[in-house]
Protein chains: 2
Amino acid sequence: MSTPSDPSSDASVPASIVEQGVLGENQWEEIGYRGPQVCAIVGITYRQLDYWARTELLRPSLCDAQGSGSKRRYSYLDLVALKVIKNLLDAGVSLKTARKAIDYLREHLGEDLATASLVIDENKSVLARNGEDIFDLVRHGQGVLNIVPLGSVVRQIDAGITELHPSDLVASLEERDAAQIDPQAGLGS
Amino acid sequence: MSTPSDPSSDASVPASIVEQGVLGENQWEEIGYRGPQVCAIVGITYRQLDYWARTELLRPSLCDAQGSGSKRRYSYLDLVALKVIKNLLDAGVSLKTARKAIDYLREHLGEDLATASLVIDENKSVLARNGEDIFDLVRHGQGVLNIVPLGSVVRQIDAGITELHPSDLVASLEERDAAQIDPQAGLGS
DNA sequence: GCTCGTAACTACGAGAGTGTGATCCGGACC
DNA sequence: GGTCCGGATCACACTCTCGTAGTTACGAGC
């Protein structure tokens, strides 16, 4: 992290192809984000990312590590999940609880993320689609609730990507569109 | 905890006086709840209660320990605060975050607890008086929110006291009335 | 005044979640 | 094919939050 290299030169795919958005399906495994990049974007240490991958909290979905010298490859949705974990930690939520939340979130990452909030209960997690849903959960819930606004998470990730690797944003936007994420949408009143 | 003793006999104040509610001001230091009782009511281990007292998370407000053989005395409001901590832990919130929340809560324990919810942000804690307040916090908040419904906390404590020490409830109700707590009140729609 | 029960105190240790630094290894470049 | 660089791996240690077990001391009852 002391000497940030050119993102288009150390990627295995020519920058021109990335910028033109003409990637084939099988080439996705060649791009994505590597460990140190992920740390910078999400705002965590490499030690944390490594530990989380080893303990199965979140392994890179594009390409996992296979011995020294190999390279982990994280997808855009991995970044979102990692940022959710980071935000939960910042809010004082234990990694143990974050594990359960992420297990749930992974199964619903294809849904509309920006308008939803992740609501974590003692026992289970729920995706609340709007303010009404949250209001109901608060009124009927007996215990403590943890609420993660996913829209701001997506915005934080995009800001991190733009800041560090402007050229990579094109590929990320493709994946994000495929996941139906709209960072401009709010919670809706 | 293996041999629960008679609560009216091991208290320093005759049960009749407690039941009649004719205690003087200075006699409050003689009653309250001792360590093992607190553990049973709140649902924590003695080791936790001890650790929390030593690390200044929550010390007994009626009488602190002063060497082996002495006895800690916890007030009813101490029980409420301890149960808030317990609920936060069950929700996966770290003790470190709980510390900050309790620091804030202690300064507002005199307010109407049952209709309020404790809302914990990355940086600060707030007492939300009704559903509208929570709704606003969720809508305008950028990060993760932890919400503790205090009404249910009070109900949990009362249930614990009633189950273990029916005769002690009278004194507790006095203190609770003084603190303007109404366990029947909900959040209010 | 002696015993006894209870509860606070002390010591040791375990497990999670990291920080730090050394080491290893694969691929690019010469 | 040797070197270099980036990144994965490993070893060690540290803090926090307790669990377990043994010790100490206060107060009540005989």
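Here is the naming used below: chain letters follow the sequence lines, and residue numbers restart at 1 for every chain.
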In plain terms, say whether [X] and [Y] are close enough for a salt bridge, that is, a side-chain N and a carboxylate O under 4.0 Å apart.
{"X": "Asp103(B)", "Y": "Arg99(B)", "value": "no"}
{"X": "Asp112(B)", "Y": "Arg129(B)", "value": "no"}
{"X": "Arg139(A)", "Y": "Asp136(A)", "value": "yes"}

TODO: Taking Asp78(A) for its side chain and Leu58(A) for its backbone only, find out whether a donor-acceptor pair lies under 3.5 Å.
DONE: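 Such a contact is absent between Asp78(A) side chain and Leu58(A) backbone.
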Open item on the list: Treating Lys86(A) as the side-chain partner and Gly43(A) as the backbone partner, does any N or O pair qualify as donor plus acceptor under 3.5 Å?
Closed with: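 Side chain of Lys86(A) to backbone of Gly43(A), a donor-acceptor pair under 3.5 Å: yes, one is there.
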TODO: Classify the nucleic acid contact of Thr45(A) as base, sugar-phosphate or nothing, counting any heavy atom under 4.0 Å across all strands shown.
DONE: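 Since only primed, P, OP1 and OP2 atoms lie under 4.0 Å of Thr45(A), the category is sugar-phosphate.
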In whole angstrom, give the distance that lies between atom [atom1] of [X] and atom [atom2] of [N].
{"X": "Arg73(B)", "N": "dG27(D)", "atom1": "CZ", "atom2": "P", "answer": "11 Å"}
{"X": "Leu95(B)", "N": "dT17(D)", "atom1": "CG", "atom2": "P", "answer": "5 Å"}
{"X": "Tyr33(B)", "N": "dA7(C)", "atom1": "OH", "atom2": "C1'", "answer": "19 Å"}
{"X": "Ile85(B)", "N": "dC18(D)", "atom1": "CD1", "atom2": "P", "answer": "10 Å"}
{"X": "Leu49(B)", "N": "dG19(D)", "atom1": "CG", "atom2": "P", "answer": "12 Å"}
{"X": "Tyr74(B)", "N": "dA7(C)", "atom1": "OH", "atom2": "P", "answer": "13 Å"}
{"X": "Arg54(A)", "N": "dG7(D)", "atom1": "CZ", "atom2": "C1'", "answer": "11 Å"}
{"X": "Lys96(A)", "N": "dC16(D)", "atom1": "NZ", "atom2": "C1'", "answer": "15 Å"}

Using the side-chain heavy atoms of [X], tell me which of these nucleotides is nearest: [options].
{"X": "Tyr46(A)", "options": "dA8(D), dG19(D), dC9(C)", "result": "dA8(D)"}
{"X": "Arg34(B)", "options": "dC9(C), dC18(D), dA7(C)", "result": "dA7(C)"}
{"X": "Pro36(A)", "options": "dT18(C), dA8(D), dG19(D)", "result": "dA8(D)"}
{"X": "Gln48(A)", "options": "dT18(C), dA8(D), dT17(D)", "result": "dT18(C)"}

- [ ] Assess whether one donor atom and one acceptor atom, taken from the side chain of Arg47(A) and the base of dT20(C), lie less than 3.5 Å apart.
- [x]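 Per atom types, the contact qualifies.
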Is the phosphate of [N], meaning OP1 or OP2, less than 4.0 Å from a side-chain N or O of [X]?
{"X": "Tyr51(A)", "N": "dT18(C)", "result": "no"}
{"X": "Trp52(B)", "N": "dC18(D)", "result": "yes"}
{"X": "Arg72(B)", "N": "dT6(C)", "result": "no"}

Open item on the list: Can you work out whether Lys71(B) or Thr55(B) has the more 5'-proximal nearest nucleotide on DNA chain D?
Closed with: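 Going by which nucleotide is closer to the 5' end, it is Thr55(B).
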